[in-house]
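First comes the structure, then the notes that go with it.
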Amino acid sequence: MAKFYDATMKTSEELCLGRWRAELLKHVRGDVLEIGTGTGVNLQYYPDTTHRLVLSEPDENMRQQLKRRVQASGRTSVEITSDGAGRLDLPDESFDSIVSTLVLCSVNDQTSSLREICRLLRPGGALFFVEHVAAKNNPRLLKWQRFLEPFWIFFCGNCHLTMDTESEIVAAGLTFDQIEKTSMLSPPPVVRPTIRGIARKACA
Ligand SMILES: C[S@@+](CC[C@H](N)C(=O)[O-])C[C@H]1O[C@@H](n2cnc3c(N)ncnc32)[C@H](O)[C@@H]1O
């Protein structure tokens, strides 16, 4: 998957994802953690004012590409960890911003990953997300998502099609500053329903 990831995503990046990433990531601030960084597509969008940038990527092949991209970017103060989103070996309340783009579909346990995100966020800090989700308002498409999901999980790196990520973010205790329910352009219809936005941890 690591080998073909950027090429597979090229059209979606050009049609919508690139713009969504740029719009979202211009708002991140302070100490930043990105989970499931993949090949590092988001690197180019982080503001220069970002202090500490920690990139979590458990897949060895993705991580190799990520390391090359970090080196090429010339960015300093970047740390790469192989820890997954379910358990990161970092102290509580370490980050002002946590970024997840197209990752919460692939984690083994979304509930515990979001709990971990809450643990790592400072009070008043925020999760910045773009995630494809279950087609809750389109029963016909949801049926197709359910049908295809076992194959998708197997062939697409544990990617689930029917995640109710919006509800899980709320259940984890975060509150939406903004959320847009939209449709990704170009991938197969079962991957198109998407939420993007910012969810915040309450101030202490
Ligand atoms: C579809 S790719 C998205 C990559 C990148 N975030 C992007 O926006 O292009 C999903 C990524 O999540 C990573 N991933 C899978 N399970 C994970 C976990 N438990 N914790 C963190 N990352 C995980 C995969 O290795 C893969 O790099």
Side-chain angles (χ1 to χ4, degrees), residues 20-21 23-43 45-47 49-60 62-63 66-67 70 75-134 136 153 157-160 162-181 194-204:
W20 291 351
R21 292 179 197 276
E23 284 174 4
L24 188 67
L25 297 179
K26 70 180 180 200
H27 298 293
V28 304
R29 61 173 187 88
D31 295 332
V32 180
L33 166 69
E34 180 178 344
I35 59 163
T37 310
T39 59
V41 184
N42 284 334
L43 266 180
Y45 300 108
Y46 284 114
T49 49
T50 305
H51 291 167
R52 179 186 182 203
L53 182 57
V54 179
L55 307 175
S56 139
E57 177 47 63
D59 181 272
E60 169 69 29
M62 287 285 195
R63 218 165 44 247
L66 175 62
K67 281 179 185 163
V70 169
R75 271 184 182 273
T76 51
S77 307
V78 179
E79 300 155 52
I80 298 176
T81 171
S82 59
D83 289 352
R87 179 68 210 168
L88 283 132
D89 189 16
L90 293 161
D92 294 355
E93 302 185 356
S94 294
F95 297 98
D96 303 292
S97 308
I98 297 184
V99 173
S100 173
T101 58
L102 310 177
V103 178
L104 290 171
C105 55
S106 301
V107 296
N108 285 328
D109 182 345
Q110 201 183 69
T111 306
S112 62
S113 296
L114 280 160
R115 207 177 299 134
E116 185 68 351
I117 285 170
C118 279
R119 180 184 76 78
L120 291 168
L121 275 176
R122 294 185 178 126
L127 168 67
F128 298 77
F129 60 90
V130 177
E131 296 290 345
H132 72 84
V133 292
K136 285 199 289 186
I153 289 170
N158 203 41
C159 175
H160 294 65
T162 61
M163 300 304 255
D164 185 359
T165 307
E166 178 185 355
S167 301
E168 287 288 338
I169 289 173
V170 173
L174 301 176
T175 308
F176 292 111
D177 281 2
Q178 56 184 70
I179 177 165
E180 183 185 332
K181 295 168 194 183
T194 299
I195 55 170
R196 62 185 188 114
I198 302 172
R200 198 165 295 279
K201 180 171 172 176
C203 294

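In this chain, residues are counted from 1 in sequence order.
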Taking the side chain as every heavy atom from C-beta outward, state whether [X] and [Y] have any pair of such atoms under 4.5 Å apart.
X: Leu33; Y: Ile117; answer: no
X: Phe129; Y: Thr165; answer: no
X: His51; Y: Ser77; answer: no
X: Arg196; Y: Leu24; answer: no

Suppose we screen for side chain to side chain contact (heavy atoms under 4.5 Å, CB included). Which residues come up paired with Glu166, at least two apart in sequence or across chains? Lys136, Asp164, Phe176, Ile179, Lys181, Ile195

I need the minimum non-hydrogen distance between [X] and [Y], along with the two atoms involved.
X: Ser106; Y: Cys159; result: OG-CA, 3.9 Å
X: Arg119; Y: Leu88; result: NH2-O, 3.0 Å
X: Ala85; Y: Val107; result: CB-CG1, 4.2 Å
X: Pro47; Y: Val28; result: CD-CG2, 3.6 Å
X: Leu174; Y: Ala199; result: CB-CB, 3.9 Å
X: Gly86; Y: Ser113; result: N-OG, 3.8 Å

Say whether, by atom type as modelled, one donor and one acceptor occur between the side chain of [X] and the main chain of [Y] under 3.5 angstrom.
X: Lys201; Y: Cys118; result: yes
X: Ser97; Y: Val32; result: no
X: His160; Y: Cys105; result: yes
X: Asp96; Y: Asp31; result: yes
X: Ser94; Y: Leu120; result: no

Does the distance from a Lys or Arg side-chain N to an Asp or Glu carboxylate O, for Glu57 and Arg63, drop under 4.0 Å? no

Just verifying a value: how many Å separate [X] [atom1] and [Y] [atom2], rounded to the nearest 0.5 Å?
X: Leu104; Y: Leu127; atom1: CG; atom2: CG; value: 7.0 Å
X: Thr175; Y: Ile169; atom1: OG1; atom2: CD1; value: 11.0 Å
X: Thr101; Y: Ile35; atom1: OG1; atom2: CD1; value: 9.0 Å
X: Glu168; Y: Glu131; atom1: CD; atom2: CD; value: 12.0 Å
X: Ser56; Y: Leu90; atom1: OG; atom2: CG; value: 9.0 Å
X: Leu55; Y: Met62; atom1: CG; atom2: CE; value: 13.5 Å

If you apply the rule side chain to side chain contact (heavy atoms under 4.5 Å, CB included), what do you find for Asp89 with Thr81, and how did you get there? CA-CA 9 Å; Asp89 189 16; Thr81 171; over 6 Å; no

Excluding sequence neighbours, so at least two apart, what forms side chain to side chain donor-acceptor pair (under 3.5 Å) with Glu34? Asn42, Tyr46

Taking only residues two or more places apart in sequence or in another chain, which ones pass salt bridge (Lys or Arg N to Asp or Glu O under 4.0 Å) with Asp177? Arg200

